[in-house]
Amino acid sequence: LFRRNGMGNLNSVASGRTPSHKRRSKALKWACEPLEPRWLLTTDIWTTIGGGDWSTGSNWSDNAPPAPGEDVLIDVAGQNATITYTAGAPLNLSANITNNELLQIGGGGAAWTSGTLAGSGIIQFQSSLAISGAADKFIKDGETVDTMALTTLTGGDIVGQVGATINNSGEFDINSDANITFPAGVGDGLFNNLSTGLVKKAAGASNGMSVIGGAQGFTFYNNGDCQV
């Protein structure tokens, strides 16, 4: 009843493996290949009871220094601890740092591209600080930022929230139209240009104007030099 060239099709149907089934199986195999792992960054917490070196992994809850984009918490109960960064490469600041101690950043300095500096502590930029990128950067909760070397602001506003202080004893170059402001309703802050400090404004991309102040206000105290 069947011709020989039809028996192959009959056998395929009897086994349940038609050519189209084979194609679907192959496509399904491709669709189910495993994906590469993805890791969610959390908060790296300073766990040493006292001060120490930022770059020493055992000082941190992740057993490694904070990765770029990872939030940081430095809060040593009952002590005034000093944490130091002295590595040769710039420290990447691109997340949220809550610091209630003294954080001294020397070595290759730091690059601040996004995120928040918060807490009741002091962050001393003893080497160069490059502030860049379109994102606004925030200082809040009473954090004090000491700029002690060359600081360059080339992108994004510095926004104060709930109290903040900037003490400049180095050279603070505003090389864009970025502003340093406190929005209304979030408290005020201080920008102290100390006796050795220089605040210098270069022409920006649009109107060449930057504002230090805002609706609530960074009060600017100048005991050094200003160049416009």
Side-chain angles (χ1 to χ4, degrees), residues 39-48 51-57 59-62 64-76 81-176 178-182 189 191 210 212 218:
W39 301 99
L40 295 177
L41 296 178
T42 55
T43 299
D44 207 356
I45 301 171
W46 183 269
T47 55
T48 295
D53 191 334
W54 174 287
S55 301
T56 301
N59 288 327
W60 298 96
S61 60
D62 288 351
E70 186 174 26
D71 290 347
V72 173
L73 173 61
I74 302 173
D75 185 17
V76 182
T82 300
I83 290 83
T84 57
Y85 178 84
T86 58
L91 180 61
N92 182 301
L93 302 178
S94 56
N96 301 316
I97 295 181
T98 300
N99 170 57
N100 296 325
E101 308 299 334
L102 174 59
L103 173 58
Q104 297 177 326
I105 300 175
W112 189 12
T113 56
S114 61
T116 298
L117 307 180
S120 59
I122 301 171
I123 301 178
Q124 292 182 340
F125 292 96
Q126 300 176 339
S127 295
S128 62
L129 170 61
I131 308 172
S132 64
D136 290 344
K137 293 86 180 168
F138 297 88
I139 307 173
K140 70 176 193 175
D141 296 343
E143 191 76 4
T144 296
V145 173
D146 293 343
T147 53
M148 307 169 72
L150 175 62
T151 299
T152 54
L153 174 56
T154 58
D157 290 349
I158 296 177
V159 181
Q161 294 181 345
V162 200
T165 298
I166 298 173
N167 296 318
N168 178 58
S169 58
E171 181 176 330
F172 198 111
D173 290 355
I174 304 174
N175 295 330
S176 67
N179 302 310
I180 304 173
T181 62
F182 262 85
F191 189 121
S210 293
I212 299 178
F218 257 115

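Side-chain atoms of D62 never come within 3.5 Å of backbone atoms of A64 as a donor-acceptor pair (strictly under, hydrogens ignored). In this structure, N168 contributes its side chain and G170 its backbone to a donor-acceptor pair below 3.5 Å. Between the side chain of D71 and the backbone N or O of I97 there is no donor-acceptor pair closer than 3.5 Å. Remark: the backbone N or O of G121 is paired with a side-chain donor or acceptor of E143 at under 3.5 angstrom. A distance-only check finds a donor-acceptor pair linking the side chain of N96 to the backbone of T116 [under 3.5 Å]. No donor-acceptor distance shorter than 3.5 angstrom exists from the side chain of T43 to the backbone of L73, with no hydrogens or angles considered. Here the side chain of D44 pairs no donor or acceptor atom with the backbone of V72 at under 3.5 angstrom. Checked by atom type and distance alone, the side chain of Q161 never pairs as donor or acceptor with a backbone atom of F182 at under 3.5 Å. Distance alone, capped at 3.5 Å, is enough to place a donor-acceptor pair between the D157 side chain and the N179 backbone. Looking at K140, its side chain never comes within 3.5 Å of a backbone N or O of F138 through a donor-acceptor pair.
Atom CD1 of residue I45 and atom OG1 of residue T98 lie 10.0 Å apart, to the nearest 0.5 angstrom. In this structure, the separation between OG on S55 and CG on L91 is 8.0 Å, given to the nearest 0.5 Å. Taking CG of L103 as the reference point, atom CD1 of I83 lies at 6.5 Å (rounded to 0.5 Å). Rounding to the nearest 0.5 Å places OG of S127 at 9.5 Å from CD1 of I105. Within the model, atoms CD1 of I131 and OG1 of T154 stand 8.5 Å from one another, a figure rounded to the nearest 0.5 Å. L129 CG to F172 CZ: the interatomic distance, rounded to the nearest 0.5 Å, is 7.5 Å.
In plain terms, the two heavy atoms of F125 and A110 that are nearest each other are CE2-CB, 3.8 Å. The two residues T113 and K137 make their nearest non-hydrogen contact at O-CE, 3.3 Å. Scanning all heavy atoms of the two residues, the minimum distance from G57 to P65 falls at CA-CD, 3.9 Å. Between A111 and P90, the shortest heavy-atom contact is N-CB, 4.4 Å. Among all heavy-atom pairs drawn from E101 and I74, the shortest one is CG-CG2, 3.8 Å.
Between S94 and N92, the side chains place a donor N or O and an acceptor N or O closer than 3.5 Å (distance only, hydrogens not considered). Side-chain contact, N100 with S120: a donor N or O sits under 3.5 Å from an acceptor N or O. Side-chain contact annotation: T152 with D173, donor-acceptor N/O pair under 3.5 Å absent.
Taking the six-membered ring where the residue is Trp, the centroids of W60 and W54 are separated by under 6.0 Å.
When the options I166, I123, I122 are evaluated for a side chain to side chain contact (heavy atoms under 4.5 Å, CB included) with T144, the one that passes is I122.
Side-chain contact between T86 and D53 is present, with heavy atoms from C-beta onward closer than 4.5 Å.
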